[in-house]
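Written out below as structure tokens is the structure these notes cover.
What's counted below: heavy atoms across the whole structure, side chains too, no hydrogens, waters or symmetry copies.
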Amino acid sequence: MTRQYLLFSTLVALSLFLSLNIGCVERYAKVEPFTFVQLCDPQLGMGGYEHDVASFGQAVRQINELRPDLVVICGDLVEQPVDESFADFNRIKAGLKIPAYCAPGNHDIGGNPTITSINRYREKTGRDYYSIEHKGYTFVMVNTQLWKAPVEGETEKQDSWLAQTLENARTRKSPVIVVGHYPLFVKTLDEEDEYFNLPVAKRKELLDLYREYGVVAVLAGHTHTTIANEYQGMQLVNGETTSRNFDNRPFGFRLWTVDTATSVRHEFVPLTEGDAE
């Protein structure tokens with residue numbers, strides 16, 4: 001009886017192990033390893049205009065030396081959304097030898113954005129939400145300001161687009177990384193609404209959506225403080241900036257290494273020379 005029970009238990013455990021692993025294999029298609037950079041808040045003018053121009057330029061030089069596959073920039077490209085600042089940002093960004101993708105921040109389109117401010121950002125910088133595919137992964141670039149301070153018509157369009165984009169990624173069995181400006185939360189899921197997070201109801205809605213569709217990481221800026229949270233296996237990371245850090249961290253950026261469909265890791269790369277130090 002004991003032998004039969006042990007045999008039965010072993011078979012059940014083996015069956016469960018196989019089903020879980022097969023489920024992981026079936027959920028995602030094969031991905032290729034790669035690296036990418038998360039750059040937060042270049043925000044030209046936040047830490048002194050000349051300083052921020054110099055530090056952003058230094059970041060570009062170091063990123064080119066590292067030769068990642070791509071760069072994502074987590075919003076607040078400029079402090080003031082004027083022609084000169086956008087022109088300088090675009091000029092420095094053009095020095096990157098690899099593709100770079102931006103998400104807008106509150107300083108780029110305003111704390112209370114309008115159709116006019118959003119269209120100005122689109123004219124000066126490009127789309128405010130979109131997705132890209134790379135080596136089996138899907139990067140979803142979002143306009144978090146539309147969730148922080150909803151704009152009638154525009155917020156609903158992004159919500160519909162996001163749901164469809166995540167569904168398309170699931171159909172392709174593609175793991176997803178979401179890139180925006182505002183973090184979902186700073187310390188805890190149930191923390192009160194404040195300047196640095198998204199509203200409680202919206203953050204819970206988004207987390208449920210991200211969990212359902214297999215989002216593996218959510219990258220953000222805005223806080224000027226380094227934050228690394230985890231929510232049910234999902235990494236939530238705000239990196240250091242190149243303009244001004246409130247927690248006295250050095251200037252720099254995050255280098256991410258994608259190993260598999262569910263294994264992504266990051267490390268800090270400090271700026272090394274010039275006025276950026």
With sequence neighbours excluded, what pairs up with [X] under the side chain to side chain donor-acceptor pair (under 3.5 Å) test?
| X | result |
| --- | --- |
| D159 | W147, K202 |
| N90 | none |
| Q38 | W256 |

Is a side-chain N or O of [X] found less than 3.5 angstrom from the main chain of [Y], in a donor-acceptor match?
| X | Y | result |
| --- | --- | --- |
| N143 | Q145 | yes |
| N64 | G95 | yes |
| D247 | T226 | yes |
| T225 | T223 | yes |
| N106 | G110 | no |

*Selection residues 63-88 - residue pairs positive for ring-ring contact (aromatic ring centres under 6.0 Å, His included), sequence neighbours left out*: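 Residue pairs passing ring-ring contact (aromatic ring centres under 6.0 Å, His included), neighbours aside: none found.
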
Heavy-atom neighbours of [X] [atom1] exceed 12 at 6.0 Å:
| X | atom1 | value |
| --- | --- | --- |
| E192 | CD | no |
| R244 | CZ | no |
| E152 | CD | no |
| K135 | NZ | yes |
| N119 | CG | yes |

*asked:* With side chain to side chain contact (heavy atoms under 4.5 Å, CB included) as the criterion, how do T114 and R120 come out once you've worked through the C-alpha distance, each side chain's angles and the decisive distance to 0.1 Å?
replied: CA-CA 10 Å; T114 63; R120 176 175 172 77; over 6 Å; no

_For F251 and H51, I'd like to know if the aromatic rings sit close, meaning centre-to-centre distance below 6.0 Å._
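Distance test on ring centres: under 6.0 Å, yes.
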
*Could you walk me through whether V178 and F139 pass the side chain to side chain contact (heavy atoms under 4.5 Å, CB included) test, one step at a time?*
CA-CA 6 Å; V178 176; F139 286 81; over 6 Å; no

*State, yes or no, whether a side-chain contact exists between D41 and T242 at a heavy-atom distance under 4.5 Å.*
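Not touching, per the 4.5 Å side-chain cut-off.
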
*Compare all side-chain heavy atoms of V176 with those of L166 and state whether any distance is below 4.5 angstrom.*
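With C-beta onward as the side chain, the pair touches.
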
Indicate the atoms forming the closest heavy-atom contact of [X] with [Y], along with that distance.
| X | Y | result |
| --- | --- | --- |
| A261 | V31 | N-CG2, 3.5 Å |
| W161 | M141 | CH2-O, 3.7 Å |
| P175 | G136 | CD-O, 3.4 Å |

Residues [X], [Y]: salt bridge by 4.0 Å N-O rule:
| X | Y | result |
| --- | --- | --- |
| D88 | K93 | no |
| E240 | R254 | yes |
| K124 | D108 | no |

By ring-ring contact (aromatic ring centres under 6.0 Å, His included), which residues pair with [X], not counting sequence neighbours?
| X | value |
| --- | --- |
| F89 | F56 |
| H222 | H181, Y182, Y195, F196 |
| Y49 | none |
| Y101 | none |

*Could you check T138 against S174 for side chain to side chain donor-acceptor pair (under 3.5 Å), going step by step and ending with a plain yes or no?*
CA-CA 6 Å; T138 299; S174 172; 2.8 Å; yes

*With sequence neighbours excluded, residues passing salt bridge (charged side-chain N to carboxylate O under 4.0 Å, His left out) with E191*: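 Checked E191 against salt bridge (charged side-chain N to carboxylate O under 4.0 Å, His left out); zero matches.
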
Enumerate, atom names and distances included, each donor-acceptor pair closer than 3.5 Å involving a side-chain atom of residues 209-216, sequence neighbours excluded.
from: R211; atom 1: NH1; to: Q232; atom 2: OE1; distance (Å): 2.7
from: R211; atom 1: NH2; to: D208; atom 2: OD1; distance (Å): 3.1
from: Y213; atom 1: OH; to: E167; atom 2: OE1; distance (Å): 3.1

*Given side chain to side chain donor-acceptor pair (under 3.5 Å), test Q62 with T272 step by step and report yes or no.*
CA-CA 8 Å; Q62 289 184 224; T272 57; 3.2 Å; yes

Indicate, with yes or no, if [Y] and [X] share a hydrophobic cluster defined by side-chain heavy-atom contacts under 4.5 Å among Ile, Leu, Val, Met, Phe, Trp and Tyr.
| X | Y | result |
| --- | --- | --- |
| L271 | M46 | no |
| V82 | V78 | no |
| V186 | L184 | no |
| L206 | I227 | no |
| F268 | L66 | no |

*Pairing residues for E154 by the side-chain contact (heavy atoms from CB on, under 4.5 Å) criterion, not counting sequence neighbours*: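 Counting only residues at least two positions away or on another chain, E154 forms a side-chain contact (heavy atoms from CB on, under 4.5 Å) with I115, I118, R122, L146, V151, K157.
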
*Of all residues at least two apart in sequence or in a different chain, which pass the side-chain contact (heavy atoms from CB on, under 4.5 Å) check with T35?*
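Here the qualifying residues are P68, D69, L255, T257.
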
*Could you go through the side chain to side chain contact (heavy atoms under 4.5 Å, CB included) check for N238 and C40 one step at a time?*
CA-CA 8 Å; N238 293 54; C40 298; 5.8 Å; no

*Between V53 and I92, is a side chain to side chain contact (heavy atoms under 4.5 Å, CB included) present by the stated rule, with each step listed?*
CA-CA 8 Å; V53 165; I92 299 167; 3.7 Å; yes

